[in-house]
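Written below as structure tokens is the structure these notes are about.
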Amino acid sequence: MRIGIVGGALQGMEAVLLSGKAGIETLVIDRKGDAPALSLSDYSVTADAVKDREAVRKALSDCDFVIPACEEIDALSSLEGITRELEIPFLFDMEAYGISCSKERSNEIMASAGVPLPRPWPECGFPAIVKPSSQSGSIGVSAVDDDEEMRSALKEVERLKDVPIVQEFVSGKSVSIEVIGNGETASSYAATEVVLDSNYDCKMVICEPGILNDADGSEFGKIGKDVAERIGLRALMDVEAILTNNGLRVLEIDARIPSQTPAAVEAATGVNILKELVFSAMGKSTGAVSRGGCSAYEHYVIADGAMRACGEKEFGHVRSPRIEERFMGADLAITDHGWEKDEWRVTAINSGRTPAEVLEKRKEFIRRVMDECGAGEYIDRSPRRV
Ligand SMILES: Nc1ncnc2c1ncn2[C@@H]1O[C@H](COP(=O)(O)OP(=O)(O)O)[C@@H](O)[C@H]1O
Ligand SMILES: [Mg+2]
């Protein structure tokens, strides 16, 4: 079986890693010849899904499935057309994606489905969050404490030519869950905790049974299933929420393959979300059952004599990475490490039966990187306001 993955950045690396674990051959296509997933895949092609449509069509013609790992609407529609012509299953739901691209629309749908959301402005008062409806990756998101900050946050959204969503600033653990739907019914997978760096970028994902208690865990799973079924999801989406003292509050849904969280879920539970998606598109079930284990997935940059935890955006600057098992004590790594290099990056994934077992592996990995690579300092920063 071969899968065509279009987009070779963070989502592309995720899709390659999961496909490899599922025993599926990978072809990555990206218009940039230095996209990091190109060096991880079995085959690679440098081409633009819109400008080089014929070349992309030809490259995809001997794939059994195609999954986009990019979020540009022109590229997505071009791929939808190509896969329709070639009669290859497209592991993507354009309609659900359209809904999830608008926080205004998806919040409306979630509110009508009874999903707990942060309270809207003005009812919520300060502190509040101002965010553009249609951006992603925290672009234009501001926390505001007074009218003046609110005005400048709204100006920022206006500058992005977008509609503002103003809502309660909620705090607590950031959690995420994946959901796969077949157009009628949907299933939720394991919840993960997303840990942010000082720039609010995700530096670590933790998957373990204790992330949510039983009640919150089953509520989160039900939220995912309900929303997916309400929008008739025919592929994969994730739901992001914050666990507050008053329970879960959902921030957003995104109907596309996420980066990081599925790999953490696979490492902890043995359930491979990409394989689930492929099987769901074939109308089959994998029969996979979670083994209920634990994992941690984290990014580091090693430079200037220091080992620094970094967000995935910074990890994305990795050059021609490779996937390596048992890398400096870590179970699995994606890295461009080289003994002669004075700057390199690594994503380390560790699994265990208990959180303590995972912690031991993480400590051993950090110790070995620092010792063997001469990094005298360990830096791990958190956001100013959580
Ligand atoms: N209501 C909120 N309260 C607190 N933090 C929020 C809230 N909404 C968003 N955030 C923060 O901003 C980040 C980006 O917001 P999100 O709704 O996920 O949009 P996107 O990821 O599409 O930019 C979240 O991961 C979270 O850290
Ligand atoms: Mg988000």
Side-chain angles (χ1 to χ4, degrees), residues 9-11 14 70-73 96-111 115-145 149-150 153-154 156-157 159-179 191-206 211 220 223-224 227 236-262 311-313 316 381-386:
L10 296 161
Q11 290 166 276
E14 186 79 13
C70 59
E71 302 201 36
E72 279 169 38
I73 207 74
Y97 182 70
I99 294 171
S100 76
C101 279
S102 160
K103 292 190 177 68
E104 201 180 20
R105 246 179 105 196
S106 47
N107 279 352
E108 251 169 51
I109 293 173
M110 289 197 282
V115 171
L117 303 173
R119 277 182 300 155
W121 179 266
E123 179 194 322
C124 62
F126 291 116
I129 273 272
V130 178
K131 53 186 175 182
S133 174
S134 318
Q135 306 289 321
S136 61
S138 298
I139 294 169
V141 178
S142 325
V144 298
D145 281 318
E149 286 180 6
M150 172 76 87
L154 289 172
E156 177 60 16
V157 176
R159 202 182 57 76
L160 295 164
K161 299 191 172 48
D162 209 332
V163 176
I165 303 292
V166 184
Q167 59 180 203
E168 177 186 5
F169 178 94
V170 286
S171 52
K173 199 188 260 190
S174 294
V175 290
S176 169
I177 198 166
E178 273 87 34
V179 191
T192 50
E193 178 180 354
V194 170
V195 186
L196 306 177
D197 76 354
S198 51
N199 297 316
Y200 294 87
D201 193 13
C202 173
K203 66 179 178 192
M204 173 153 82
V205 177
I206 301 165
I211 285 188
F220 203 18
I223 289 172
V227 174
L236 172 60
M237 72 169 195
D238 71 358
V239 183
E240 271 182 53
I242 290 189
L243 180 64
T244 71
N245 289 336
N246 302 316
L248 290 161
R249 295 293 180 267
V250 174
L251 300 188
E252 63 159 346
I253 55 170
D254 275 310
R256 44 89 187 109
I257 182 171
S259 47
Q260 317 180 97
T261 47
E312 66 163 347
K313 283 195 199 101
R381 296 204 171 99
S382 296
R384 187 173 53 92
R385 162 151 58 181
V386 193

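For this chain, numbers begin at 1 and follow the sequence in order. Not measured: the values here are computed from a predicted model. Numbering of ligands and ligand atoms starts at 1, following listing order.
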Item to check | Distance-minimising heavy-atom pair for G140 and V157 | outcome: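 Smallest interatomic distance, heavy atoms only, reads O-CG2, 4.3 Å.
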Checklist entry - Just wondering, is there an N, O or S atom on D254 that's nearer than 2.8 Å to the Mg ion (ligand 2)? => result no
[atom]: nearest protein contact (heavy atom, Å):
atom: atom 6 (C) of ligand 1; result: I129 CD1, 3.6 Å
atom: atom 18 (O) of ligand 1; result: E252 OE2, 2.9 Å
atom: atom 24 (C) of ligand 1; result: L251 CD1, 3.8 Å
atom: atom 12 (O) of ligand 1; result: V141 CG1, 3.6 Å
atom: atom 27 (O) of ligand 1; result: L196 CD1, 3.9 Å

Next on the checklist: I'd like to know if the side chain of T244 reaches the main chain of N246, judged simply by a donor and an acceptor atom lying under 3.5 Å from each other, with no hydrogens or angles considered.
Outcome noted: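 Present.
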Checklist entry - With distance as the sole test, does S259 use its side chain to make a donor-acceptor pair with the main-chain N or O of L10 at under 3.5 Å? => result no
Side chains of [X] and [Y]: is there a donor and an acceptor less than 3.5 Å apart?
X: T261; Y: E178; result: yes
X: E71; Y: S136; result: no
X: Q167; Y: K131; result: yes

Taking 4.0 angstrom as the limit and counting only heavy atoms of [X], give me the atoms of ligand 1 inside it, by number and element.
X: P118; value: 1 (N)
X: E240; value: 18 (O), 25 (O)
X: E168; value: 1 (N), 2 (C), 3 (N)
X: K103; value: 16 (P), 17 (O), 19 (O), 20 (P), 22 (O)
X: Q135; value: 22 (O)

Checklist entry - Hey, would you say the W121 and F169 ring centroids sit under 6.0 Å apart? => result no
Item to check | Side chain proximity check, V179 to L236, heavy atoms < 4.5 angstrom | outcome: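 Heavy-atom side-chain distance check fails, nothing below 4.5 Å.
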Next on the checklist: What I'd like to find out is whether the side chain of V239 reaches to under 4.5 Å of the side chain of E252, using heavy atoms alone.
Outcome noted: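 No, their side chains stay 4.5 Å or more apart.
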Next on the checklist: Just to be sure I'm reading this right: ignoring hydrogens, which of P127, S138, P132 gets closest to atom 23 (O) of ligand 1? Compare them by their nearest heavy atoms.
Outcome noted: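 That would be S138.
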Checklist entry - Which of the listed options, V170, V130, D254, V166, holds the heavy atom that is closest to atom 4 (C) of ligand 1? => result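 Going through V170, V130, D254, V166 one by one, V170 has the nearest heavy atom to atom 4 (C) of ligand 1.
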Checklist entry - Taking both backbone and side-chain atoms of K131, is any N or O found less than 3.5 Å from an N or O belonging to ligand 1? => result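 Such a contact does occur with ligand 1.
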Checklist entry - Under 3.5 Å between some N or O of ligand 1 and some N or O of F169? => result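 N/O-N/O distance under 3.5 Å: no.
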Checklist entry - Quick one: angle E252 OE2 - the Mg ion (ligand 2) - E240 OE1, to the nearest 10°? => result 110°
Next on the checklist: For E156, is there an ion pair with R159 - N to carboxylate O distance below 4.0 angstrom?
Outcome noted: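 The answer is yes: the pair qualifies as a salt bridge.
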